Amino acid sequence: MTKFVAIISGKGGVGKTTSAINLATALSSFGRDVLVLDANLKTPNVNLHLGSPNTPITLHDALQGKYHVTDAAYLHPSGLKVIPASLALEKVDSVEPAKLAEILLDLEGACEAVFLDTKTGIDEDVEHAIRAADEAIVVTNPDLPSVTDALKAIRLADKVGVNVVGVIVNRFKNDSFDMSLDNIRDLLNKPIIGVVPEDDNVRKSIAVRHPVVYTHPDSKASVAFKELAAKLSGQKYVHSIKDSKDTPSKLHQVLKKLGLNK
Ligand SMILES: Nc1ncnc2c1ncn2[C@@H]1O[C@H](COP(=O)(O)OP(=O)(O)O)[C@@H](O)[C@H]1O
Ligand SMILES: [Mg+2]
């Protein structure tokens, strides 16, 4: 059975796309068969984060009935499976967001889990994306505007009967300006399942169009995403430097400079 998980927030720019992509990448690296689907039909982001703006078949084509939804699945060089939405403006109004749930039925059994990256806000489009999911994860930043909007997103999920399994607090600095995790938990009345620190490597990874879990596996944000992925898949994850196959360790870099390692 395939589990469909909507990543929602209310407020924009809090890290929905980042979380969807990196959670799925972390799960893939643990051998789980997962996929990210861009359920943001008006202002899709996934392909922009991943540097593949021109994928020939997209979710929009599947929604228009031109292709089977699995025809729109691509393998990103990072190893992540993605179903992108079309960036073309003329396609925006050519599809019926209410059809999403129907289209997703065709993905049943295709993989273990599908993470639906959703549009910012709590409008009808977001509602359709949530309705198409089995459960939702809310992403917020540790500030009052984000948490207030997260609460509205939780209310929307409640309204359509989709369980919010928990909250990811992203860009956590743990300084005196951040809301405390206890405060956030109390306000949202949901468990905090992940705390992802503020980490410049996230921006660096987006600049090179890759998940941070792939480009900087030892970074604070990556470790947090991997810990959360392990929690979600019922695995134990203990970070070790051996995870950093793709990013040379400091020692490795020093040895390289000295000509002692290649
Ligand atoms: N943990 C983080 N640390 C630093 N910057 C981050 C982090 N998470 C996200 N960002 C930044 O925030 C921006 C918005 O994130 P994004 O995932 O696109 O948000 P949303 O999908 O909710 O609109 C990203 O482009 C990135 O620059
Ligand atoms: Mg986004």
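As the structure lists them, so they are numbered: ligands from 1, and atoms in each ligand from 1. Source: prediction; values computed, not measured. The analysis underlying the following values was restricted to heavy atoms, covering all of them including side chains, and did not include hydrogens, waters or symmetry mates.
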**Q** Got a sec, which hydrophobics cluster with Phe177, joining ILVMFWY side chains under 4.5 Å apart, including via others?
**A** none
**Q** So which protein residues pack against ligand 1 under 4.0 Å, heavy atoms counted?
**A** Gly12, Gly13, Val14, Gly15, Lys16, Thr17, Thr18, His49, Asn170, Arg171, Val196, Pro197, Glu198, Asp199, Val202, Arg203, Ile206
**Q** Flag the pair Leu48 / Thr17 as yes when at least one side-chain heavy-atom distance between them is below 4.5 Å, and no otherwise.
**A** no
**Q** Quick one: do Ile137 and Leu232 satisfy side chain to side chain contact (heavy atoms under 4.5 Å, CB included)? Show the steps, please.
**A** CA-CA 11 Å; Ile137 291 176; Leu232 292 178; 4.1 Å; yes
**Q** Are the side chain of Asp38 and the backbone N or O of Asn45 linked by a donor-acceptor pair below 3.5 Å?
**A** yes
**Q** Please determine, by modelled atom types, if Tyr74 and His76 share a side-chain donor-acceptor pair under 3.5 angstrom.
**A** no
**Q** How many protein N, O or S atoms are found at a distance of less than 2.8 Å from the Mg ion (ligand 2)?
**A** 2
**Q** Give me each pair satisfying salt bridge (Lys or Arg N to Asp or Glu O under 4.0 Å) with a member in residues 65-87, each pair once, sequence neighbours excluded.
**A** Asp33-Lys81
**Q** Under a 4.5 Å cut-off applied to non-hydrogen side-chain atoms, are His128 and Glu96 in contact?
**A** no
**Q** Compare all side-chain heavy atoms of Thr18 with those of Ile206 and state whether any distance is below 4.5 angstrom.
**A** yes
**Q** Below 4.5 Å, heavy atoms only, C-beta onward: do Glu127 and Leu156 meet side chain to side chain?
**A** yes
